[in-house]
Amino acid sequence: MEKMDLSALLFILTCFHVHSARSAIGTSEINCETGTDNNVGSVLEDYEGDVEIITNIGPDDRLVLEGYSNPIGVTFLGLVYSNGDSTATVRTVKPLDADQLKESGGSLYYSVTCSNTGLKNTRAVNIRDVNDNPPIFQSKTYSVTVSEATAVGSDVLRVKAEDADVSPQNSNIIYSILPPAPDEFEVKDDGNIRLKQALNYDSAQQYIFTVQAKDKDKEEFRDTTTVTITVDDFDNLNPYFEHSLYKASIEENQVGQFSDITPEAIKAHDGDTGINEPVLYSITAAFPNEYQSNFDIDQNSGVISVTTALDREEVDQITVHIQATQQNDASKTANAVVSVTIEDVNNNPPKFDQDEYTVSIPENSPPDQFVLQTRVTDPDLGGFSKGHFIMVSDTFVINSQGVISLRSDTTLDRETVDNYILQVVAVDQPVNGLSSTAQVIITVLDVNDNNPQFLPLPEPIEIQEGAYTPSSPGEVCKISATDADIGDNGRVTISTSSHSEIFRFREDGTLLAIEELDRETQDVYDVIIVAMDHAIPQRNNITTVRVSITDVNDNTPVFSSDTYRKSILVKDVKVGDVLLTLSATDKDAGSNAVISYSFSEDSSMVALDAETGVITLTSDLSEVTEDTLLTLTAIATDHGTPPESDEAEVLIYFQIAPFTESVIFESSSYKFTLKENEPEASIVGKVKALTGSPVVTVSYNLKSHKHVFSVDGEGTIKALRPLDKEKEEWYILTVEAIDSRTPANTAETTVSVQVENMNEVPVFDAEIYKAEIFSISPYKFPIVKVQASDPDVGESSELQYSLLESTTLLDVEASTGQVYVLDVSKFGDNLFTFQVKATDKHGLFTTTTVQIEVKQSVHRDSVSVISLNRPVYIVEKMIPEMEESMGKVLGWTVKILIVRAEDGNEMRTILRESTDKTYVSFIAMDSSGAVIQATEVKEKLNNENKVLTSELEKVFGPGLEIKVEDSSGDSEESSQDATIALGVLLAVISVTSLSTIIYLVK
């Protein structure tokens, strides 16, 4: 019992909510002994609140709320009650809804049951309906198929809507078709759709419209549905194809269905689409007709197949005619055409025009350099147009046209890789293509891009001093050099760049000494050597080798003086005093330079130390009673093998009494003469100073012009270099004499040296002269002018020029050095070399080299002529200026061939005759050296007349006028002269007249 009470309490608490302000619908007493049946009352739907208040509950009664008649009613209610309460309340748990109680006629039934007795107290509440529900169609869409033969007035479809409201007045529905409404249909009050007008399948196969259901009393309560009425066709039309023309394709050598059909698959339909009677397909013809048997068509699907493979090379296009027949009526047919394309099959690989390509490319080729063009053919349709190349290389790349080139980020180095063997694959299709391969052999040509490199040099590099000659050289060492290039680019020759007069290389790289080597003069030579390849232009490497000269005992010791003198007062010295110190040197080295001293004969008065050269007194001089001169010979001997020695005189003057000390020249001034160009160390003259004592020596010192002269211990004056009178004729020297006393006495004298004139060899301005002439150059045509000068003062103008060897080809003007042509036709080679000499009035001469390049002959149509109002000799002097000015105007290189006077005398260089008009024949050449036709030169001269006049006036002065004519001169003689001048080379060319003449008239 307690358990039931607790459950009831929980139920009541669950259902508890705030009471509405409304009063209960009804009140009744419960009777658990007999039960009761009551009608609580009536209320509008949507009511919420107390429905019934129950009283007269006994203390032992136990109440529960149960369904009755219609179980749904109790779902709207809850019982507020606890065991022991004397009253209970039935209360709504949700708004009351008459529509949900439609089955019970809008009445809500429930029972308050006494669980202690089992008796029911039934109750009924009348829920009054409110119009709160719109009509709702049973389906949102309705559809039906109607034959176009259906009779007018027939119902074809019924739509139905329902209103959830309980009362009939609240569920009254009105049906209508919303615009646009079809004329053929209408809707009746019961929702039936009736046919108003006859249907025509050909006009309309389907009708789609909207039907509305509306609450009669409430406009806003409405619903719609979509009605689809399909018109069924009547069988009265022929079948038809979707398209009259189809395009299909199939690969050659293939059987089966077409690979592609456009615009879509072949399909025919019954014209009466509503009936859509099946059709049967057939092939009626093919063009060319012999190929009809190659095709078959499925009669049901219309799929065409190739039964016998086709060859595109025989036929590439076939037209197939097909027919569709209605299955139930053979008289109903349709026709179409299928255009069949026979597609090419890629069954031929591409083919290179060569199986192997070979090409050479310089190693200094720039990035992107073209290497070679491969060519590929393919007999299949389209050839190689869709093909591509494959080549694996870090150095080269191939493009889509088969051009192989150097990569843009790559350079070649033959010394690293000298050739490349590449495989080039040509693939004819991007996918599943056929391919072929060619081999490409690229040889990298050497470029002289490496300097020669010296191999490690020997150490040390030594040679013994000696008298070597070119015919009997001394071997120093072998030096080797390499060059990474090949051929002449890698062939290396080693030569000396310094001390070349002393050292040279043999072909095998052995360094030779070819001149005398004297270690005492120079013990080390830093020889610059050059390793040079044989390329054009050449590359080189330069280094320095140090050649040490080892000693040979080829020098004798040399005393510092030929004579050692000492004056001594006997009373001032004692035994053991140092009187003199001898000193000798040896230019050799090592033991060859170690010196020992000795006297040739022993002396009782003095002793000589063998190592130091010190002479000491060994006598007390008691026997010396008067002035006495002791004369000894000292010997200095080296330790070489064999030993060498030197001697010096030793004079010791023992004096009893003191003497006066002084030095004086024999003459207060001296005058000497020396011819110019005398060799180095030539003697100028000798001075002498006196001391008054046999043991006092004199040394001489030059106090001026030390860079030109020297003076030795004997007073001999020498010239240090050859002298030139033209530069300086007189030298005034001051010579000082210094005696050996301590302190020393000095004296001075003046020496005048006059340089006498001596004839010198002339000197050319250049060692070699180069010139160019044309093979039509006439007699006495000037080639080049050589110039020399005479170092002798004022004698340059007296030089005479001549050829070293006489020739009939050319000559030189003796007084001016002008070289001119005698007979150019006999020059032979394109380059001719000869010697010109310049001779002074004393017969001394010098020579220079002249190189003449003979240019190819030019046709007369390429020769133009200028005539100007200036004397011939003036024009001849201005030839270089004329060529430069005319070239500036014409934009070409101008070469003057002939200068002649109006009367026909050519090259009046010697005659110097004057005339009013001078003709100048010339040709013009472009930058490549090609000769321009005279007609083109004439045209340009006419166009540039004013500019040319201005430029030539800068050369010849104002007052010039220019005119171009088509003949070689005004007189018959002029024409003859021109013909003679050009006729020198008739064996080579044929020139009869000049094609263009330009003359200037004052």
Task: Charged N-O contact under 4.0 Å between E219 and K214 - done: yes

TODO: Please assess V255 against T308 for the test side-chain contact (heavy atoms from CB on, under 4.5 Å), listing each intermediate value before the final yes or no.
DONE: CA-CA 6 Å; V255 295; T308 303; 5.7 Å; no

TODO: Check the pair T395 / L412 against side-chain contact (heavy atoms from CB on, under 4.5 Å), numbers first and verdict last.
DONE: CA-CA 8 Å; T395 307; L412 297 176; 3.5 Å; yes

TODO: Return yes when atom CG of D394 has more than 12 non-hydrogen atoms of other residues, nucleotides or ligands closer than 6.0 Å, and no otherwise.
DONE: no

Open item on the list: Would you say that more than 12 heavy atoms from the other residues, nucleotides or ligands in this model lie under 6.0 Å from the NZ of K247, or not?
Closed with: no

Task: Spatial distance of atom CG (D418) from atom CG (D446) [nearest 0.5 Å] - done: 10.0 Å

- [ ] Flag yes if more than 12 heavy atoms outside K940 fall under 6.0 Å of its NZ atom; otherwise flag no.
- [x] yes

Task: K386 to P430 - nearest heavy-atom pair and separation - done: O-CD, 3.7 Å

Task: Parallel, tilted or perpendicular, as decided by the 30° and 60° cut-offs, for the rings of Y240 and H269 - done: tilted

TODO: With the side chain counted from C-beta on, respond yes when K196 and F185 share a heavy-atom pair under 4.5 Å apart, and no when they do not.
DONE: no

Task: Check ion pair D368-R407 (N to O, under 4.0 angstrom) - done: no

Task: Side-chain touch T341/I318, heavy atoms, less than 4.5 angstrom - done: no

Task: Main-chain N/O of V306 paired with N294 side-chain donor or acceptor, under 3.5 Å - done: no

Open item on the list: Using a 6.0 Å cut-off, check whether atom CG of N432 has over 12 heavy atoms from anything other than its own residue.
Closed with: no

Open item on the list: Check this for me, if you would: do K267 and E264 make a salt bridge, where the nitrogen-to-carboxylate-oxygen distance has to be below 4.0 angstrom?
Closed with: no

Open item on the list: Using the ring centroid of each side chain, check whether H321 and F287 are separated by less than 6.0 Å.
Closed with: yes

Task: Shortest non-hydrogen separation from S42 to R128 and the atoms involved - done: OG-NH1, 2.7 Å

Task: Gap between atom CZ of F389 and atom CD1 of I398 - 0.5 Å precision - done: 5.0 Å

Open item on the list: Quick check on D189: does its CG atom have over 12 non-hydrogen neighbours (other residues, nucleotides or ligands) under 6.0 Å away?
Closed with: no

- [ ] Measure the shortest side-chain to side-chain distance between T325 and Q323 over non-hydrogen atoms and say whether it is less than 4.5 angstrom.
- [x] yes

Report all side-chain donor-acceptor pairs from residues 171-178 shorter than 3.5 Å, counting only partners two or more places apart or in another chain.
residue: S171; atom: OG; partner: S167; partner atom: O; Å: 3.1
residue: S171; atom: OG; partner: P168; partner atom: O; Å: 3.4
residue: Y175; atom: OH; partner: A161; partner atom: N; Å: 2.9

Task: Closest approach of N348 to D428 (non-hydrogen atoms, all atoms of both residues) - done: O-OD2, 3.4 Å

Task: Heavy atoms of other groups near D355 CG, more than 12 under 6.0 Å - done: no

Task: Pair Y47 + F76: ring centers closer than 6.0 Å - done: no

- [ ] Applying side-chain hydrogen bond (donor to acceptor under 3.5 Å, both in side chains), name anything that partners Y201, two or more places apart in sequence or on another chain.
- [x] T273

Open item on the list: Would you say that T377 contacts D353 through its side chain, given a criterion of any heavy-atom pair below 4.5 Å between the two side chains?
Closed with: no

Open item on the list: Using side-chain heavy atoms (C-beta onward) and a distance below 4.5 Å, is L65 in contact with V74?
Closed with: yes

